[in-house]
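These numbers were taken from a predicted model, which means no experiment stands behind them.
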Amino acid sequence: MKITILDGGTVTQNDLSWHALKELGDVVIYDFTAPDEVVNRLADTDIALTNKVVIDREIMSQLPRLRYIGVLATGYNVVDVAAARSFGITVTNVPAYSTNSVAQMVFAHLLNVVNGVGRYAENNRNGRWSMQRDFCYVDTPQREIASMSLGIVGLGNIGRKVADIAHAFGMKVYAATSKTAAELPDFITKCQLEQLYAVADVLTLHCPATEETTRMICTETISRMKDGVIIINTGRGTLIDEHAVADAVREGKIEAYCTDVMTQEPPAADNELLATDGVYSTPHIAWATREARQRLIDTVVQNVKSFIEGHAENVV
């Protein structure tokens with residue numbers, strides 16, 4: 001059984017290994033694969049593993065030996081699942097491995113905005129504190145998030161974890177979710193998006209990227225939000241209209257846009273969000289703690305093992 005990993009480098013990052021996978025077959029590992037290299041690299045492969053390398057219908061049609069595609073992530077939009085089904089190829093993903101890590105990043109961004117930790121540390125490296133008369137200086141508002149309301153769009157594993165943390169901080173928690181009010185704990189108020197936009201001091205996005213959610217944050221929906229809203233996006237870049245968000249940040253309607261994702265990744269050097277004060281971007285790393293990556297590897301190995309044994313798990 002030949003197993004090929006197309007882009008394993010982002011998962012292992014020189015501190016983890018695929019050793020357990022090698023016990024299941026002949027494993028070939030590529031750190032990175034360009035689009036024009038995919039077919040050749042999978043030509044004699046039974047099992048393909050991909051994180052962000054696209055495997056579409058055209059590619060599958062050239063790979064008669066391929067029987068399994070394992071996505072090294074929760075989202076599986078890089079694989080044409082309908083095409084895979086028509087070719088008899090099983091597709092699996094890795095659910096919920098990054099829940100704690102992504103939720104943690106949400107609050108890393110929020111706390112950076114309300115307390116300015118990164119900004120103060122940089123200023124102090126340049127001597128700012130040393131020049132003060134008093135024991136401290138405050139040149140940005142310091143706020144308690146306990147006084148804020150958090151609006152969550154999507155209440156899956158990550159959204160629910162974010163809600164729990166927000167509640168522990170003392171925030172009021174609102175959620176736009178398909179779950180019924182009876183399924184939610186008392187501290188989460190279920191509401192429609194219209195209400196969510198109106199009440200949220202902080203809006204955090206945890207919904208899937210679909211036709212309905214593409215550019216859901218746009219000029220029109222931003223106009224219905226509170227002045228000075230903080231928006232956090234650790235979901236997908238396509239959930240927002242980048243130009244509309246950049247404009248709203250520059251105008252002060254949005255106090256801060258905090259994002260771990262972009263519509264195009266890596267973003268173009270001239271992407272206006274990168275040059276806009278009040279935008280805080282991290283390079284799609286919310287999932288990438290060592291602990292989360294180890295959980296990912298462990299689940300991938302189990303997924304492959306189960307498929308080989310004839311009872312595939314986490315099939316999408």
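One finds a salt bridge joining Arg119 and Asp139 here, because a Lys/Arg side-chain nitrogen approaches an Asp/Glu carboxylate oxygen to under 4.0 Å. Looking at Asp164 and Lys161, no side-chain N of the basic residue comes within less than 4.0 Å of a carboxylate O on the acidic one, giving no salt bridge. Between Asp44 and Arg65 there is no salt bridge, since none of the side-chain N atoms of the basic residue sits less than 4.0 Å from a carboxylate O of the acidic one.
The shortest side-chain heavy-atom distance between Arg293 and Tyr97 does not fall under the 4.5 Å cut-off. Within the 4.5 Å cutoff, the side chain of Asn157 has no heavy atoms near those of the Pro95 side chain. Side-chain contact between Tyr197 and Val229 is absent, with no heavy-atom pair separated by less than 4.5 Å. In this structure, the side chains of Ile222 and Ile254 come closer than 4.5 Å at one or more pairs of heavy atoms. With contacts defined as side-chain heavy-atom distances shorter than 4.5 Å, the pair Val28/Lys2 qualifies. Between Met60 and Ile55, some side-chain heavy-atom pair lies under the 4.5 Å cut-off. Taking 4.5 Å as the limit, every side-chain heavy atom of Ser17 sits out of range of all side-chain heavy atoms of Lys22. Side chains of Leu111 and Val117 form no contact here, defined as non-hydrogen atoms less than 4.5 Å apart.
A donor-acceptor contact under 3.5 angstrom links the side chains of Glu183 and Thr180, judged on distance only. In summary, the side chains of Thr74 and Asn93 do not present any donor paired with an acceptor at a separation below 3.5 Å, with no hydrogens or angles considered.
More than 12 heavy atoms of other residues, nucleotides or ligands sit less than 6.0 Å from atom CD of Gln132. In this structure, His19 places its NE2 atom where only 12 or fewer heavy-atom neighbours from other residues, nucleotides or ligands lie under 6.0 Å away. Around CG of Asn126, the count of heavy atoms belonging to other residues, nucleotides or ligands within 6.0 Å exceeds 12. Heavy-atom contacts from other residues, nucleotides or ligands closer than 6.0 Å to CG of Asp15 number more than 12. Counting heavy-atom neighbours within 6.0 Å of Lys253 NZ, excluding the residue itself, gives a total above 12.
One finds the CD atom of Gln294 at 9.5 Å from the OG1 atom of Thr299 (value rounded to the nearest 0.5 Å). For the atom pair CZ (Arg215) and OG1 (Thr238), the distance works out to 8.5 Å, reported to the nearest 0.5 Å. The distance from atom NE2 of His206 to atom OG1 of Thr234, rounded to the nearest 0.5 Å, is 4.5 Å. Taken from CD in Glu144 to CZ in Phe169, the straight-line distance is 11.0 Å, to the nearest 0.5 Å. Between atom CZ of residue Arg290 and atom OG1 of residue Thr12 there is a gap of 11.0 Å, rounded to the nearest 0.5 Å. Atoms NZ and CD, on Lys226 and Glu255 in that order, are 12.5 Å from each other to the nearest 0.5 Å.
In the hydrophobic cluster analysis, where Ile, Leu, Val, Met, Phe, Trp and Tyr join through side-chain heavy atoms closer than 4.5 angstrom, Val300 is grouped together with Ile5. Cluster membership check: Tyr76 shares its hydrophobic cluster with Val38, using side-chain heavy-atom separations under 4.5 Å among Ile, Leu, Val, Met, Phe, Trp and Tyr. Residues Val199 and Val173 do not share a hydrophobic cluster, defined by chaining ILVMFWY side chains whose heavy atoms lie under 4.5 Å apart. Both Leu196 and Ile240 are part of a single hydrophobic cluster, where members link through side-chain heavy atoms under 4.5 Å apart. No continuous path of ILVMFWY side-chain contacts below 4.5 Å connects Ile3 to Leu66, so the two sit in separate hydrophobic clusters.
Side chain of Thr221 to main chain of Met216: a donor-acceptor pair is present (N/O by atom type, distance under 3.5 Å, no hydrogens or angles). In this structure a side-chain-to-backbone donor-acceptor pair under 3.5 Å is present from Gln142 to Asn115. A donor-acceptor pair under 3.5 Å is absent between the side-chain atoms of Asp7 and the main chain of Thr33, judged by distance alone. A distance-only check finds a donor-acceptor pair linking the side chain of Ser149 to the backbone of Asp201 [under 3.5 Å]. In this structure a side-chain-to-backbone donor-acceptor pair under 3.5 Å is present from Asn112 to Gly118. The closest donor-acceptor contact from the side chain of Lys179 to the backbone of Leu155 lies under 3.5 Å. Under the 3.5 Å distance criterion, the side-chain polar atoms of Trp129 are matched with a main-chain donor or acceptor of Phe135. Looking at Asn271, its side chain does come within 3.5 Å of a backbone N or O of Leu273 through a donor-acceptor pair. When atom types are taken as modelled, the side chain of Ser98 and the backbone of Ser101 share no donor-acceptor pair closer than 3.5 angstrom. The backbone N or O of Glu58 sits less than 3.5 Å from a side-chain atom of Gln62, completing a donor-acceptor pair.
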Give the C-alpha distance, both sets of side-chain angles, the deciding distance and a yes or no for salt bridge (charged side-chain N to carboxylate O under 4.0 Å, His left out) between Glu291 and Arg295. CA-CA 6 Å; Glu291 294 82 0; Arg295 284 192 293 272; over 6 Å; no

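The ring pair (Phe, Tyr, Trp, His ring centres under 6.0 Å) search around Tyr68 returns Phe307, not counting sequence neighbours. Partners of His243 under the ring pair (Phe, Tyr, Trp, His ring centres under 6.0 Å) rule, at least two apart in sequence or in another chain, do not exist in this structure. Take Tyr120 and apply the ring pair (Phe, Tyr, Trp, His ring centres under 6.0 Å) test, not counting sequence neighbours, and it matches Tyr137. Checked against ring pair (Phe, Tyr, Trp, His ring centres under 6.0 Å), Phe187 has the following partners two or more places apart in sequence or in another chain: His167.
With Leu150 as the partner, the side chain to side chain contact (heavy atoms under 4.5 Å, CB included) test is satisfied by one option alone out of Ile230, Leu203, Val106, Val202: Val202.
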Donor-acceptor contacts, no H, no angles, side chain residues 47-54, under 3.5 Å, sequence neighbours left out:
from, atom 1, to, atom 2, distance (Å)
Thr50, OG1, Val53, N, 3.0
Thr50, OG1, Val53, O, 2.7
Asn51, ND2, Thr10, OG1, 3.2

Under 3.5 Å, which donor-acceptor pairs do the side chains of residues 259-270 form with other protein atoms, sequence neighbours left out?
from, atom 1, to, atom 2, distance (Å)
Thr259, OG1, Asn233, O, 3.4
Thr259, OG1, Tyr257, OH, 3.4
Thr259, OG1, Val261, N, 3.1
Thr259, OG1, Val261, O, 2.6
Asp260, OD1, Thr282, OG1, 2.6
Asp260, OD1, His284, N, 3.2
Asp260, OD1, Ile285, N, 2.9
Asp260, OD2, Ile285, N, 3.0
Asp260, OD2, Ala286, N, 2.9
Thr263, OG1, Gly237, O, 3.3
Thr263, OG1, Glu242, OE2, 3.1
Gln264, NE2, Pro266, O, 3.3
Glu265, OE1, His284, ND1, 2.7
Glu265, OE2, Met262, N, 2.8
Glu265, OE2, His284, ND1, 3.1

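The shortest non-hydrogen separation linking Ala209 to Leu239 is CA-CD2, 4.2 Å. The two atoms that bring Pro185 and Arg160 nearest to each other are CG-NH2, 3.6 Å, heavy atoms only.
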